[in-house]
Structures are given as structure tokens and as C-alpha cells.
Visitor: 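Quick one: structure below, then a few questions.
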Amino acid sequence: MTHYSYTIAEGHGLPHNPFKAIVAPRPVGWISTVGQDGAFNLAPYSFFNAVCDTPPMVLFSSSGFKDTVANVEASGDFVFNLATEDLKDAMNRTSAPYAHGVSEFDKAGLTPVASDLVAAPRVGEAKAAFECRHLQTIRPVGLDGTPADSWIVLGQVVAVHIDRSVLVDGLFDVTLARPLSRLGYMDYAVVDSVFQMARPAAD
């Protein structure tokens, strides 16, 4: 086996940076918030994942201090909406750089539905959604002491919504939901098959 190797300092020397293509697939963090002016915001984030399950926490990272981060800090909450194959065009539409105050819900033809416990609305068409309370926002600092132009937002899940059409015998069926995952470059994938492995006992 031979490897193509490089240091970050010298650069990758490839047509495009492979970092996000290698760290893949990643769940799409489709985050809805509400601003202080009452305007709804909806944006997809490719840096998103679960943190832990007791209590349930999620995080997303924003490149740049965008409306989503500002809204979360002001309102104290947000909603994660599951982006699925049937909503891929709507999700992509919400990634456009609209002016402040423009509702991505309207632009993408999506239905804002009032949440049970938080101010931010959820996407009515989404097959699952987590209502989240803001825990903290972290601006990471690099090895050289320079703050990154990125903000990591952590939230605790306080309510869950699941479309009954993707529940089979009480289990969430990912092959029915067909969630989108973010890859590198302009690539996406759909989760449509699964396999199981039991955790082995220690030797």
C-alpha cells in the first residue's frame, strides 16, 4: 500500500482539498432558528453530529458568525430537522446566501410548524426533528493561538418529533427515512441500506 502524504503547512497539492471528502459521510445539520425580529431562519450545516445520549446533545459548527448562531445566542434554542432524499432540493435551496430577515422556509416552500418547548419552528415536512436548548457556543483556537472563523454550537435535546411513516415495530427505520449525508466537494449520499454487527466480548 502506498500513500499520498502531505502536511497542512505545505498544502495538499490536489485539485481540491480532500479533508471533507475523507471525513465522510456526515449528517446534515438542518438548523431552524428565530431571530429577535421574529424572522424564521433555516440553514444546512455540514459539520453536525450527536455529542452524547444521556442527556441527549447535538452540535453544529458554523463557518463564520452567521444568522443561525446569532439567533441561537439571542433566543436560547434551535431545532435540528432531518434532511432526507425527498427534501434534498428544498434543503439545498436553504443554503443560498439570502439577506438577513429573508425566510428560507418561504424560499424553499417549506412549512414552519410551532415547536412544543422552544421558540424556533421546525420543518413540517421533515421526518424527524429535535427541539434543542442552547448550552454553549465555542470558538476554537488553533495551535498558533489564532481563533478560527468558526463557531461550535451545542444544544440539549428537549423534545423529539418522528413521522410515524418511518417507525417500524417501534424502531426508526433509516431505510424508509433515507436521510442525506454530506460528503466532500459537491457530493451527497443517501442512507438506504444497513447491516448489523454485535459488539464482541473482550478476548
Side-chain angles (χ1 to χ4, degrees), residues 20 23 25-84 87-88 90-142 146-163 179-182 188:
K20 289 188 283 187
V23 185
R26 301 183 306 282
V28 176
W30 207 11
I31 307 299
S32 52
T33 58
V34 61
Q36 288 183 304
D37 57 0
F40 295 156
N41 184 274
L42 178 63
Y45 288 85
S46 94
F47 294 121
F48 169 87
N49 221 309
V51 177
C52 57
D53 61 0
T54 308
M57 296 181 188
V58 296
L59 66 76
F60 69 91
S61 179
S62 173
S63 297
F65 194 89
K66 298 176 181 175
D67 284 348
T68 298
V69 182
N71 289 351
V72 171
E73 295 205 330
S75 69
D77 60 57
F78 63 92
V79 176
F80 158 68
N81 305 275
L82 187 68
T84 49
L87 297 175
K88 67 181 187 305
M91 181 278 298
N92 193 43
R93 183 75 172 161
T94 64
S95 70
Y98 297 112
H100 175 76
V102 173
S103 172
E104 289 83 2
F105 280 91
D106 293 340
K107 291 293 186 179
L110 296 166
T111 307
V113 175
S115 295
D116 293 340
L117 300 178
V118 304
R122 59 188 175 90
V123 174
E125 292 79 3
K127 291 182 174 62
F130 294 164
E131 297 183 23
C132 303
R133 297 280 189 194
H134 180 223
L135 292 172
Q136 64 183 127
T137 299
I138 302 168
R139 188 177 186 185
V141 176
T146 302
D149 186 26
S150 294
W151 279 260
I152 301 168
V153 178
L154 291 99
Q156 183 167 327
V157 180
V158 294
V160 177
H161 304 271
I162 306 171
D163 189 320
L180 296 174
S181 59
R182 192 68 171 91
Y188 289 82

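The analysis underlying the following values was restricted to heavy atoms, covering all of them including side chains, and did not include hydrogens, waters or symmetry mates.
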Visitor: Just to verify, what does Ser103 make a side chain to side chain donor-acceptor pair (under 3.5 Å) with, not counting sequence neighbours?
Guide: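 Side chain to side chain donor-acceptor pair (under 3.5 Å) check on Ser103 returns nothing, list empty.
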
Visitor: Should the pair Phe48 and Phe80 be assigned to parallel (<30°), tilted (30 to 60°) or perpendicular (>60°) ring geometry?
Guide: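 Parallel: the ring planes of Phe48 and Phe80 meet at under 30°.
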
Visitor: Check Trp30 against Pro44 and note the closest heavy-atom contact, atom names and distance.
Guide: CD1-N, 3.8 Å

Visitor: Specify the closest pair of heavy atoms between His161 and Asp116, including all atoms of both residues, with the distance to one decimal.
Guide: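 What the structure gives for the nearest pair is CE1-OD2, 3.3 Å.
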
Visitor: Taking Arg133 for its side chain and Leu117 for its backbone only, find out whether a donor-acceptor pair lies under 3.5 Å.
Guide: yes

Visitor: Kindly indicate whether the side chain of Thr111, heavy atoms from C-beta on, has any atom under 4.5 Å from the side chain of Glu125.
Guide: yes

Visitor: Nearest 0.5 Å please: distance from the OG1 atom of Thr84 over to the CG atom of Asp163.
Guide: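 Result: 9.5 Å between the selected atoms.
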
Visitor: Just how far is it from atom CD of Gln36 to atom CD of Glu73, taken to the nearest 0.5 Å?
Guide: 11.0 Å

Visitor: If every non-hydrogen atom of Pro121 is compared with every non-hydrogen atom of Val34, which pair is closest and at what distance?
Guide: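 Taking every non-hydrogen atom into account, CD-CB, 4.5 Å.
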
Visitor: Just to verify, what does Lys88 make a side chain to side chain contact (heavy atoms under 4.5 Å, CB included) with, not counting sequence neighbours?
Guide: Leu180

Visitor: May I ask you to test the Phe105-Ser32 pair for a side-chain heavy-atom distance under 4.5 Å?
Guide: yes

Visitor: Does the side chain to side chain contact (heavy atoms under 4.5 Å, CB included) test come out yes or no for Arg26 and Tyr45, once each step is laid out?
Guide: CA-CA 10 Å; Arg26 301 183 306 282; Tyr45 288 85; over 6 Å; no

Visitor: Distance from Leu82 atom CG to Lys127 atom NZ, nearest 0.5 Å?
Guide: 8.5 Å

Visitor: Search all heavy atoms of Phe130 against all heavy atoms of Val58 and return the closest pair with its distance.
Guide: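 What the structure gives for the nearest pair is CD1-CG1, 4.2 Å.
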
Visitor: Considering all heavy atoms of both residues, which atom of Val153 and which atom of Thr137 are nearest to each other, and what is their separation?
Guide: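 Heavy atoms only, the tightest pair is CG2-OG1, 4.0 Å.
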
Visitor: Say whether, by atom type as modelled, one donor and one acceptor occur between the side chain of Ser115 and the main chain of Ala120 under 3.5 angstrom.
Guide: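 Yes: the side chain of Ser115 pairs with the backbone of Ala120.
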
Visitor: How many angstroms lie between atom CZ of Phe60 and atom OG of Ser46, to the nearest 0.5 angstrom?
Guide: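 Result: 12.5 Å between the selected atoms.
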
Visitor: If every non-hydrogen atom of Tyr98 is compared with every non-hydrogen atom of Glu104, which pair is closest and at what distance?
Guide: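 Minimum heavy-atom contact is CD1-CG, 3.7 Å.
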
Visitor: Does Val123 form a side chain to side chain contact (heavy atoms under 4.5 Å, CB included) with Leu42? I'd like the steps, not just the answer.
Guide: CA-CA 9 Å; Val123 174; Leu42 178 63; 3.7 Å; yes

Visitor: Can you tell which of Asn71, Thr94, Thr68 makes a side-chain hydrogen bond (donor to acceptor under 3.5 Å, both in side chains) with Asn41?
Guide: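 So, applying the side-chain hydrogen bond (donor to acceptor under 3.5 Å, both in side chains) to Asn41 and each of Asn71, Thr94, Thr68, only Thr68 qualifies.
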
Visitor: Check side chain to side chain contact (heavy atoms under 4.5 Å, CB included) between Ile152 and all other residues, then give those that pass, not counting sequence neighbours.
Guide: Leu59, Ser61, Ile138, Pro140, Leu154

Visitor: Quick check on Lys20: does its NZ atom have over 12 non-hydrogen neighbours (other residues, nucleotides or ligands) under 6.0 Å away?
Guide: no

Visitor: CD1/Ile31 to CG/Asn81 distance, rounded to the nearest 0.5 angstrom?
Guide: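 That separation rounds to 7.5 Å.
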
Visitor: Dump the intermediate steps for side chain to side chain contact (heavy atoms under 4.5 Å, CB included) on Val157 and Met57, then the final yes or no.
Guide: CA-CA 6 Å; Val157 180; Met57 296 181 188; over 6 Å; no

Visitor: Does one side chain, of His134 or Gln156, offer a donor that lies under 3.5 Å from an acceptor on the other?
Guide: no

Visitor: Would you give the length of the straight line joining atom CZ of Phe78 to atom OG1 of Thr33, rounded to the nearest 0.5 angstrom?
Guide: 10.0 Å

